[in-house]
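Here is the naming used below: chain letters follow the sequence lines, and residue numbers restart at 1 for every chain. Reckoned from all heavy atoms, side chains included, excluding hydrogens, waters and symmetry mates.
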Number of protein chains: 2
Amino acid sequence: MNNHTESEENYIKALYYLGGEATVASGALANRVGAKGPSATQAVRRLASKGLVEVIPYKGVKLTLDGLTLAKHILRKHRLWETFLVEKLGFGWEEVHSIAEQLEHIQSRELVEKLAEYLDSPAHDPHGDPIPQADGKIPPAVGKPLQQFPQGSSLKVVRVEDAGTDFFTQLDLLKISLGKEYTLKSVSSFDFSIQLQAEEGESFWLSHSMSSNIYAISL
Amino acid sequence: MNNHTESEENYIKALYYLGGEATVASGALANRVGAKGPSATQAVRRLASKGLVEVIPYKGVKLTLDGLTLAKHILRKHRLWETFLVEKLGFGWEEVHSIAEQLEHIQSRELVEKLAEYLDSPAHDPHGDPIPQADGKIPPAVGKPLQQFPQGSSLKVVRVEDAGTDFFTQLDLLKISLGKEYTLKSVSSFDFSIQLQAEEGESFWLSHSMSSNIYAISL
DNA sequence: TCAAAGGTTTAGTTTTACCTAAACTTATTT
DNA sequence: AAATAAGTTTAGGTAAAACTAAACCTTTGA
């Protein structure tokens with residue numbers, strides 16, 4: 001029950017990403033893993049025979065409890081490795097995803113726990129996403145999207161959505177990173193863009209699509 | 001030319017281990033990777049079609065220059081990861097091999113170089129084996145087997161052969177580790193066992209099969 | 001409600017990577 | 001030099017994991 005291929009793990013991860021414990025359509029699953037429909041149907045059958053998912057033909061797929069546990073464990077590894085890559089090796093946050101996608105498949109319980117310890121058992125990864133713990137519990141996802149803050153509020157950026165390389169590049173350009181504090185100066189009622197002001201006086205505008213991927217807490 | 005499967009990399013690694021640049025019999029190769037003869041024949045054909053090896057049927061297989069470069073790169077990754085696992089995560093040297101066998105297949109040039117830098121560009125891994133450098137050069141293998149030292153000589157352990165779990169367990173039991181210094185008190189002319197004396201006076205005997213896997217330099 | 005559209009599954013093919021059994025080379029021994 | 005032993009390759013089979021084309025459900029729209 002403990003030996004899975006990379007492909008299997010990728011399907012499990014995708015299932016978790018798309019629906020958590022809910023039912024997912026095979027087309028969406030195929031799409032997520034970058035395969036065509038029939039490949040997903042077939043893969044899902046293999047997973048079902050290992051007791052990781054339940055399938056209702058023409059209806060959808062759902063993770064079993066075992067599948068859910070596995071999904072969270074893979075996510076744990078992914079986010080721990082991301083943390084390692086950024087904190088210890090000095091990678092930028094846009095570069096780590098594809099490497100962590102490989103590292104998350106390394107099989108060694110002991111390695112995962114030693115790595116977690118080495119990183120001081122973090123609850124959140126470099127993007128601010130919660131890292132599932134060894135017991136399966138998931139720390140709360142912190143922050144609300146910037147739009148939900150009223151004008152004039154003081155806030156701290158605590159999380160960014162993984163919205164692709166271009167998004168991260170833009171964040172770097174604007175020198176936005178986790179922990180930075182801003183005052184929300186104004187919100188355009190025309191295009192919902194947002195004006196932020198940093199401590200040191202510089203202020204700048206963020207498009208709606210940028211700001212909706214940035215999460216903060218109020219100070 | 002830069003995209004290889006894990007299986008392919010395992011065959012390349014085995015070929016390098018068994019013969020370096022020399023010709024290797026397909027049976028020995030199969031044996032090393034834990035497969036049967038026909039699997040090796042087939043695998044070797046795939047490698048040949050990618051220009052990584054040259055085959056003479058019924059005679060043997062040999063790495064090409066590309067194959068050799070790849071082999072050294074994989075070995076570099078393996079030994080860097082071993083170093084990481086021992087130095088940073090606190091693994092014992094007997095535990096790291098199987099985990100490094102997985103990690104060595106992670107594909108990211110940048111990761112390898114950042115890891116090397118993080119470890120201070122080591123020339124040797126935790127067993128004292130040389131780590132191939134980014135340019136393909138291999139640092140000298142240090143030390144001679146204990147038997148080659150005359151009675152009465154002072155020596156420092158600098159390298160141990162990877163001779164399996166039981167060997168490492170025995171080393172731990174005897175508290176032998178890299179960097180430790182001893183005086184070679186006597187050599188039995190009956191069974192070639194060796195008597196070592198540590199600084200703090202304790203002395204003990206090593207069987208021939210133990211001592212032939214332990215390498216040292218004289219002080 | 002019934003038919004077209006859209007999504008899903010089946011059928012059949014490909015590649016990697018392993019296997020066993022049989023055929024074939026090479027080496028050894030008498 | 002011929003026979004046998006040892007090692008290698010071919011032949012044919014299986015499983016994972018992907019694909020395309022065709023058949024099959026479901027849903028939706030006229």
Short side-chain N/O contact to D/dA17 OP1/OP2 from A/Arg46, under 4.0 Å: yes
Residue pairs fulfilling side chain to side chain donor-acceptor pair (under 3.5 Å) with at least one residue in residues 32-50 of chain A, sequence neighbours excluded: A/Glu8-A/Lys50
Rounded distance in Å - CD (A/Glu9) to C1' (D/dA17): 15 Å
Presence of A/Ser26 side-chain N/O under 4.0 Å of C/dG7 phosphate oxygens OP1/OP2: no
Side-chain donor-acceptor pair present, B/His97, B/Asp162, cut-off under 3.5 Å: yes
Side-chain N,O (A/Thr41) to OP1/OP2 (C/dT10) below 4.0 Å: no
Length of the line joining B/Glu8:CD and C/dC18:P, which is rounded to integer Å: 10 Å
Short side-chain N/O contact from A/Arg45 to OP1 or OP2 of C/dT10, under 4.0 Å: yes
Base D/dA16 to side chain A/Gln42, donor-acceptor N/O within 3.5 Å cut-off: no
Residue-phosphate contact under 4.0 Å: B/Tyr58 side-chain N/O, C/dA23 OP1/OP2: no
A/Asp125 versus A/His78, side-chain donor and acceptor atoms under 3.5 Å: no
Whole-Å distance separating the CD atom of A/Glu6 from the P atom of C/dT16: 17 Å
Protein-nucleotide distance (B/Lys59, atom NZ; D/dA6, atom P), rounded to Å: 18 Å
Mutual orientation of the aromatic rings belonging to B/Tyr118 and A/Tyr118 [parallel < 30°, tilted 30-60°, perpendicular > 60°]: perpendicular
Partners meeting salt bridge (Lys or Arg N to Asp or Glu O under 4.0 Å) with B/Lys137 (sequence neighbours left out): B/Asp135
Sugar-phosphate, base or nothing in reach of A/Gly37, heavy atoms under 4.0 Å: base
Under-4.0 Å side-chain N/O to phosphate OP1/OP2 contact, A/Lys50 with D/dA16: no
Interatomic distance, A/Leu29 CG vs D/dA17 C1' [rounded to whole Å]: 14 Å
Most 5' of A/Ala43 and B/Gly60 on DNA chain D, judged by nearest nucleotide: B/Gly60
Any A/Ser39 side-chain N or O less than 4.0 Å from OP1/OP2 of D/dA18: no
A/Thr5 side-chain proximity, nearest of C/dT8, D/dA17, C/dT9: D/dA17
Phosphate OP1/OP2 of C/dT9: any A/Lys36 side-chain N/O under 4.0 Å: no
For atom CZ of A/Arg32 and atom P of C/dG7, their distance in whole Å: 19 Å
Below 4.0 Å: OP1/OP2 of C/dC18 and any side-chain N or O of B/Tyr11: yes
